[in-house]
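Position 1 is the first residue of the sequence, and the numbers go up from there.
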Amino acid sequence: MAAELTVPQLSAKHRPTLDQALSAIRSRAYWSPHPEHPKAYGETAPADGLAAFEALHGTRFDLGQPGTDGWAGAEVSPYGPELGVEYPHVDPDVLLPAMKAGMGAWRDAGPEARALVCIEILARISARTHEFAHAVMHTSGQAFMMAFQAGGPHAQDRGLEAVAYAYEEQTRVPGQADWSKPQGKKDPLELGKTFTAVPRGIALMIGCNTFPTWNGYPGLFASLATGNPVLVKPHPRAVLPLALTVQVAREVLAEAGFDPNLVALAVERPGEGIAKDLAVRPEIKLIDYTGSTEFGDWLEANARQAQVYTEKAGVNTVVLDSTDNYKGMLANLAFSLSLYSGQMCTTPQNLLIPRDGIATDAGHKSYDEVVADLAASVGGLLGDDARANALLGALVNPDVKARLEAATGLGEVALESREVANPEFPDAVVRTPVMVKLDAAKPDPEAPYLSECFGPVSFAVAVDSTQDALDLLRRTVREKGAMTVGAYTTSPDTERALEEVCLEESAQLSLNLTGGVYVNQTAAFSDFHGSGGNPAANAALCDGAFVSNRFRVVEVRRQA
């Protein structure tokens, strides 16, 4: 097929971005090519993005994919409205062979051309960030600003980060080499060798409900940049953001002279559960998944023909030992507990507080005082309904609401959840967090703090000492996993002990955050999301290990 976009054109446009991304993953310094502020996209962008999103309502989203055998889609916004978008339902027996057909040309294009095409896809998505933000908001329940930033530039950053790692790992080995081995008085042995990064096969990206783009883009772009076709299987409640992504990817691939079927969409009918069927097909060689531990474990155990990357559940913990900024600690924790109604895989759940209290710059604070002050801080942060709506968003599904309501029966409630009205979306289910007091001194293998309670629920757990907090931290990370660990201490010895636990159990640690950086937020190119070293996830976003097994290097030797 004729290419409208040539590699020289793409190189002139995007090679500087690729070079900056490569520099950023090496230096770990702050960098982002994608603006966080809505006004950066032009005066008409907000209205244009909203109009584009609304124009999709009630339409049939035709991607021109092979194997379309019907239509599916029943998305209802957590804010109330039905989206009414229908997506192609596919016959994998037809689609998967069509996806494989373009692999040879995509492989032969080489790492740089693939990276540049991927960056062009991300650039076009970036230009439509306002449209994507509404799609993310109305499928995930995130408030608009969070949907704009996390679902837009932050997700695009993570995708670009994966492209940079993919390029770096594929180019560690030269494309060709002349080999000469001296033989003394005889002529040397001489060979010409070529080395080609060869893709594994079709990748299956299984999307999640809460962060369809942020969690989806790393795997999607890591697989595509390493030469693999990608079949995107969205969560049935959050199809639109990934359908738009597939649409853009197919357009760019075609314009660059490649088979658009290298990226395709697979949407399921209600109750169909196609992820299990697709995951074990022999054509599927890579799987990226974010979601429940139960299904993640099933994938790891049953999709034996594929390399499986999972992000599952974990028990995120904050250890409170002491602080020299009590007010800042409370404010920081209150924001972390409230953001997106705790529906983040990085939100703190267990707050481990010595029952004798902690030393602070405001004097000694008892366990009860710390809990009461933190509850008051959350209450103050969310006291205004407009601000509460902007921070909390909406509960993503009825299961979260059920867990929130059930949590009040688990112990003494230190912070009651309240209903928040959303004037713009009266049907939105908005709730402030609940905090429950528990005691670790009572041995109970079924204690609530020993498992994840996803949503706006936190446990203020009384422990006998900081050492007991460290022991409990170690236990929960080792047995249940953790995406994040936070801690507050003024003691160098305690700080070293915390680091040792997190190093030994492979958990990412944030210490003494009292400003505008929060334990449940990470920055692409600098922070690692997860470690891949504890049960919460078997991979980190992003590092070399996340991309290097998506391809193999095949060598061809020729007699010189």
Contacts under 3.5 angstrom, residues 428-439 side chains, donor-acceptor by atom type, not counting sequence neighbours:
residue : atom : partner : partner atom : Å
Thr432  : OG1  : Arg418  : N            : 2.8
Lys437  : NZ   : Asp368  : OD1          : 2.8
Asp439  : OD1  : Arg355  : NH1          : 3.4
Asp439  : OD1  : Arg355  : NH2          : 2.7
Asp439  : OD1  : Ala441  : N            : 2.8
Asp439  : OD2  : Arg355  : NH1          : 3.2

Taking only distance into account, with no hydrogens and no angle test, what donor-acceptor pairs under 3.5 Å do side-chain atoms of residues 448-463 form with protein atoms, sequence neighbours excluded?
none

**Request:** Verify ring-ring contact (aromatic ring centres under 6.0 Å, His included) between Tyr340 and Phe211, making sure each step is shown before the conclusion.
**Result:** CA-CA 11 Å; Tyr340 185 33; Phe211 288 90; 5.5 Å; yes
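Take Asn397 and apply the side-chain hydrogen bond (donor to acceptor under 3.5 Å, both in side chains) test, not counting sequence neighbours, and it matches no residue. For Ser531, there are no side-chain hydrogen bond (donor to acceptor under 3.5 Å, both in side chains) partners at least two apart in sequence or on another chain. Judged as a side-chain contact (heavy atoms from CB on, under 4.5 Å), and not counting sequence neighbours, the contacts of Glu168 are Leu22, Ile25, Arg26, Arg172. When the salt bridge (Lys or Arg N to Asp or Glu O under 4.0 Å) test is applied to Arg237, no partner is found at least two apart in sequence or on another chain. Every side-chain hydrogen bond (donor to acceptor under 3.5 Å, both in side chains) that Ser77 has, sequence neighbours left out, goes to His138. Evaluation of the side-chain hydrogen bond (donor to acceptor under 3.5 Å, both in side chains) rule for Glu272 yields His89 as partners, not counting sequence neighbours.
The list of salt bridge (Lys or Arg N to Asp or Glu O under 4.0 Å) pairs with a residue in residues 326-345, not counting sequence neighbours, is empty. Residue pairs meeting the salt bridge (Lys or Arg N to Asp or Glu O under 4.0 Å) criterion with at least one member in residues 313-322, sequence neighbours excluded, do not occur. Within the structure, every pair that satisfies the salt bridge (Lys or Arg N to Asp or Glu O under 4.0 Å) test and touches residues 307-316, not counting sequence neighbours, is listed here: Asp297-Lys312, Glu300-Lys312. Listed by first and then second residue, the salt bridge (Lys or Arg N to Asp or Glu O under 4.0 Å) pairs that reach into residues 391-403 are Lys401-Glu405, sequence neighbours excluded.
Just one of Tyr165, Tyr309, Phe528 meets the ring-ring contact (aromatic ring centres under 6.0 Å, His included) condition when paired with Phe546; it is Tyr309.
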